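For this chain, numbers begin at 1 and follow the sequence in order. This is a predicted model, so every value here is computed, not measured.
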Amino acid sequence: MNDGEPPHTGRLRTLLRSLRPDLAPWRSSREFRLLWTSGCVTSFGSFLTYVAVPMQIKDLTGSSFAVGLVGAFELVPLIVFGLWGGALADALDRRRLVLLSEAGLGLLAALLLLNALLPHPLLWPVYAVAALVAATDGLQRPALDSLVPRIVRHDQLAAAYALKSLYHNAASVAGPTLAGVIVAFAGVRTAYALDVLTFAVSLLLLARIRAVPPASDAERPSLRAVLTGLRYAWSRKDLLGTYAIDTCAMLFAFPVAVFPFLASELGADWALGPMYAASAAGALLVGATSGWTSRVHRHGRLLVVAAIGWGAAMALAGLAGNVWVVLLGLALAGGADQISGVARSTMWNQSIPDELRGRMAGVELLSYSVGPQLGQVRAGTMAGLVGVRAAVWTGGLACVLAVLAVAAALPSLLRYDDRTDPHTAAVRAEHERAEGERAGGEQAIGEQAGGEKTAPAVP
């Protein structure tokens, strides 16, 4: 602190520094920079298709049921191929698997574009591509998630997740708005074409990431390998708690399906767009001030508190009769969900051995993809039985009670501390050993190259 500087000014500067996102993974890992930039590009592109597909189905059929049917085509492929993708991620080069599946997703986006360019676009290819996209995403996501611990230092994993969430939440806020404008003024063809372009850029970035081969004794992909991963998940009650809490939060307190009805009931149809964006805005704010998360050690407790906050904020949104309070509740829920995501991701990445990381990422994929799907069904059903606002606030309350029940039933979740957890210690030691070997190999290559440069030229 400078001489003459008021003490409160120094404290304010310290506070602001503690809130800034931790950029250590970005600075120290070239591969993380490439992966982060690739994800940033494809996130915005994917939102174009996310908005364009239901709009195209609506134009083709005029049926809300036909639009909702997309989710049914996506769910089963996502579950099946998510588990299989986890086994592949543990047995193959994860970078290669990510690259090939990214190319597949780009090809599927191109098929949507070709169908849209027909004089009379067909409906069935849209459903078929939606199912194939879910399958390909299920194959990619475990490899993508399990790639991060291989390219980022063990003590920077929480910061890496926070940085990844920044672009995801920014895309969640700006993406649908941008996509809506493009679809409205330029049509679905333009949206699909831009999505194809983003995949091309992403492939160029991913191709520059170094290979991430599996261990020499990696288990071959098979049903037995999948079951091995599921048994490991069951044996780790702290991990089981993270999956259970995430599922409870989405099942009971994810009322996105009733937002159009909630906006109408409040006499604020204009608020439908802000309702969709509010939770992402709250998450973006927390992500932008996430520096403090790198100093947290008891991630199980943080997860429980954040999940309770998510449910309580959703209950507030349901009880409020004022649309601005509703939006505030949704934003608070998004911030709590962001904190919950940091806690879950850090526990997973810090404590799961690399040879099982892909399969556990497949299990994680199920916990955070199936829950929202079931949550939509619950919210819609409850709204028909007890009313829209009651469906929201009772779901939030049920989430709080369910989280407390899980925490009581699985006390190892609350005991988790990355400074003393034996699983985390073993993974940390393995990371340090691998980083030491890699550094030693790079030094040997550098010395060899230096020797060659100083050798006398052959006449």
Side-chain angles (χ1 to χ4, degrees), residues 35 72-108 128-151 206 209-244 246-247 344-345 347-371 373-374 422-424 426-427 429-431 433-434:
L35 189 67
F73 279 92
E74 293 174 336
L75 184 58
V76 174
L78 188 62
I79 293 173
V80 174
F81 286 90
L83 290 173
W84 184 246
L88 291 175
D90 286 334
L92 304 175
D93 183 333
R94 289 172 185 170
R95 173 259 192 188
R96 181 178 176 82
L97 187 55
V98 168
L99 192 62
L100 289 175
S101 53
E102 189 81 352
L105 290 169
L107 178 61
L108 292 171
V129 169
L132 291 172
V133 166
T136 308
D137 188 51
L139 290 175
Q140 184 191 62
R141 195 80 65 83
L144 194 61
D145 291 346
S146 60
L147 185 63
V148 174
R150 293 286 296 274
I151 63 177
L206 291 173
I209 296 177
R210 62 177 171 81
V212 184
S216 58
D217 58 347
E219 190 172 356
R220 293 171 60 86
S222 63
L223 178 60
R224 179 180 178 182
V226 172
L227 293 176
T228 298
L230 292 175
R231 283 194 295 270
Y232 177 82
W234 182 258
S235 71
R236 290 280 309 276
K237 301 307 180 187
D238 50 349
L239 293 183
L240 199 62
T242 68
Y243 304 142
D246 189 36
T247 301
R344 290 194 312 270
S345 177
M347 284 183 65
W348 295 339
N349 289 326
Q350 281 186 341
S351 67
I352 296 174
D354 188 68
E355 63 270 17
L356 289 165
R357 184 82 275 274
R359 279 165 284 182
M360 292 301 95
V363 176
E364 294 152 21
L365 176 62
L366 299 187
S367 74
Y368 60 69
S369 59
V370 175
Q373 298 279 4
L374 297 178
H423 302 284
T424 301
V427 173
E430 178 61 23
H431 271 243
R433 184 193 63 78

> Would you say Ile151 and Arg210 make side-chain contact, with heavy atoms under 4.5 Å?
Replying inline: yes
> Got a second to check how far Thr228's OG1 is from Leu356's CG, nearest 0.5 Å?
Replying inline: 8.0 Å
> Of all residues at least two apart in sequence or in a different chain, which pass the ring-ring contact (aromatic ring centres under 6.0 Å, His included) check with Tyr232?
Replying inline: none
>> I'd like to know whether Glu219 forms a side chain to side chain contact (heavy atoms under 4.5 Å, CB included) with Asp90, so could you lay out the CA-CA distance, the side-chain angles of the two residues, the decisive distance to 0.1 Å, and finally the verdict.
In response: CA-CA 7 Å; Glu219 190 172 356; Asp90 286 334; over 6 Å; no
> Which atom names give the shortest non-hydrogen contact between Pro142 and Gly358, and what distance separates them?
Replying inline: CB-O, 3.5 Å
> If you look only at pairs with a residue in residues 76-89, which of them pass as a side chain to side chain donor-acceptor pair (under 3.5 Å), with sequence neighbours excluded?
Replying inline: none
> CG/Leu100 to CG/Leu105 distance, rounded to the nearest 0.5 angstrom?
Replying inline: 11.0 Å
>> Please report the interatomic distance CD(Glu74) to CG(Asp137), rounded to the nearest 0.5 Å.
In response: 9.0 Å
>> Any heavy-atom pair between the side chains of Arg236 and Thr242 that's under 4.5 Å?
In response: no
> How long is the gap from CG on Leu83 to CG on Leu78, to the nearest 0.5 Å?
Replying inline: 9.5 Å
> Below 4.5 Å, heavy atoms only, C-beta onward: do Arg357 and Arg94 meet side chain to side chain?
Replying inline: yes
>> Would you compute the distance between atom CG of Asp145 and atom CD of Gln140 and round it to the nearest 0.5 angstrom?
In response: 9.5 Å
>> Test your reading of the model: is there a side-chain donor-acceptor pair from Arg96 to the backbone of Pro213, 3.5 Å cut-off?
In response: no
>> For a quick test of reading the model, state the closest non-hydrogen atom pair linking Pro214 to Ala91 and the distance between them.
In response: CG-O, 3.2 Å
>> Could you report the tightest heavy-atom contact between Ser101 and Thr136, atom names first, then the distance?
In response: O-CG2, 3.4 Å
> Distance from Asn349 atom CG to Thr424 atom OG1, nearest 0.5 Å?
Replying inline: 10.5 Å
> Can you name the side chain to side chain contact (heavy atoms under 4.5 Å, CB included) partners of Ile209, sequence neighbours left out?
Replying inline: Glu31, Leu34, Leu35, Arg95, Leu206
>> A side-chain contact here means heavy atoms from C-beta on lying under 4.5 Å apart; do Ile352 and Ser146 qualify?
In response: no
>> With a 4.5 Å cut-off on side-chain heavy atoms, are Glu430 and Val427 touching?
In response: no
>> Are Tyr243 and Trp234 an aromatic pair, judged by ring center distance below 6.0 Å?
In response: no
> What are the two closest non-hydrogen atoms of Leu230 and Val363, and how far apart are they?
Replying inline: CD2-CG2, 3.8 Å
>> Could you tell me if the side chain of Arg224 sits less than 4.5 Å from the side chain of Leu227, heavy atoms only?
In response: no
